[in-house]
There are 2 protein chains.
Amino acid sequence: MAHSHEAHHHERPRDLTRNQELVLTTLNNAEAPLSAYDILDKLRDDGLRAPLQVYRALEKLIEHGLAHRLESLNAFVCCADANCHGRASGTAAFAICSGCGRVDEFADPEVTARLAAWAGETGFALERTTIELRGRCAECRKAA
Amino acid sequence: MAHSHEAHHHERPRDLTRNQELVLTTLNNAEAPLSAYDILDKLRDDGLRAPLQVYRALEKLIEHGLAHRLESLNAFVCCADANCHGRASGTAAFAICSGCGRVDEFADPEVTARLAAWAGETGFALERTTIELRGRCAECRKAA
DNA sequence: TCGATAGCGTAATGTCATAACATATCGCCT
DNA sequence: AGGCGATATGTTATGACATTACGCTATCGA
């Protein structure tokens, strides 16, 4: 039952293909970021056999704002706010804990604004922004 | 107390080893970021033969604040402000042009402050921050 | 019915990074 | 001088991440 029309102007969790669904579910069930090969390993029993199948699914999920790539980790997470986070709250930032590996996604409008301002002044046509924080989360600090 | 002679309170281009010197010079001469293997290729004639020699040199250069790693590119640039940029102006941000490949390094204290504030509120012990902007620089936009 | 678009599956390859091991060099302390 | 620790070195092999190239299938609308 595919819609012939785009009813919403923001990205909805539209119909995903089987592979996309599998990958997204895998990411959702994970506590920490997964590499493409991690995902592949978890999905062997579901018939996935080659990295490309995972990368292709990830590409679409990211396009739709359902997943993110963490550049400093070469790994992927599902979007914190499953439905509509993507473009809504500006650029997402990620705090990655070196202890437990968990990732906290947040957005700071002021940061977004400052970076946009820099781009404006400089004449830089900003397309995409990566913000990643590394450190230890509160939990892990207590546990130490 | 490692050295008794810290003449300057900011990092000086202290004595580099031969390999470190070679790698730094290569980065300085480059217009755009270089991957470790790019660097290796340029230094074959100088006797470098294995990736590890380059990675080890890069590691030290980055420690000393003379070079940066661009996570979203898996590549390296020399620090824009050769002598003193490192810790001085807070976290560095990088604008990477998808046209010419050139990288513009800058620092925005307000951005640094906001991220530090988030970390403070959250109890996240911030160790390292990555900020990378992708887009087209003013030059390349004109050229189009 | 045709062609365009999008997805799927597989093999091969390309690119980035590190482990493990062996050796060398320097400064420093005794 | 001898010995120790810290640091750098060179080499081989391997691991980890990502893409190119090719061919097939399904769907949709002109």
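Because only heavy atoms are used, hydrogens play no part in the values below, and waters and symmetry mates are left out as well, while side chains stay in. In what follows, every chain begins at residue 1, and chains take the letters A, B, ... in the order their sequences are listed. Because the structure is predicted, anything quoted here is derived from the model rather than measured.
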Examine the side chains of B:D38 and B:S35 and answer whether a donor and an acceptor come within less than 3.5 Å of each other.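 Their side chains do contain a donor-acceptor pair, which is all the 3.5 Å distance test asks for.
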Will you find, in the side chains of A:R134 and A:S72, an N or O donor that is under 3.5 Å from an N or O acceptor?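 Short answer, yes.
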Whole-Å distance between [N] [atom2] and [X] [atom1]?
X	N	atom1	atom2	result
B:N74	C:dT18	CG	P	10 Å
A:L73	D:dA18	CG	P	10 Å
B:L16	D:dT7	CG	C1'	14 Å
B:L43	D:dT9	CG	C1'	15 Å
B:L52	D:dG15	CG	P	16 Å
B:Q20	D:dT9	CD	P	6 Å
B:D41	C:dG14	CG	P	14 Å
A:R18	D:dT27	CZ	C1'	19 Å

Can you find a side chain N or O atom of A:S35 that sits less than 4.0 Å from OP1 or OP2 on D:dC17?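 Yes, such a contact exists.
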Is there a side-chain polar atom (N or O) of A:Q53 under 4.0 Å from OP1 or OP2 of C:dG9?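 Yes, such a contact exists.
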Any B:T26 side-chain heavy atom under 4.5 Å of B:L43 side chain: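 SC-SC contact between B:T26 and B:L43 confirmed.
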Using a 4.0 Å heavy-atom cut-off across all strands, classify A:A50 as base, sugar-phosphate, or nothing.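 Base, at least one base heavy atom under 4.0 Å.
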Using a heavy-atom cut-off of under 4.0 Å over every strand shown, decide if B:R56 touches base, sugar-phosphate, or nothing.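 Base contact.
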Could you pick out which residue, B:Y55 or A:L48, lies toward the 5' side of DNA chain C when each is mapped onto its nearest nucleotide?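 This one resolves to A:L48.
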Would you say B:R114's side chain and A:D108's backbone share a donor-acceptor pair under 3.5 angstrom?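 Answer holds: no.
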Are A:F76 and A:H68 an aromatic pair, judged by ring center distance below 6.0 Å?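 No - the distance between ring centres of A:H68 and A:F76 does not fall below the 6.0 Å cut-off.
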Nearest-nucleotide 5' precedence on DNA chain D, A:F76 against B:P51: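 So the residue in question is B:P51.
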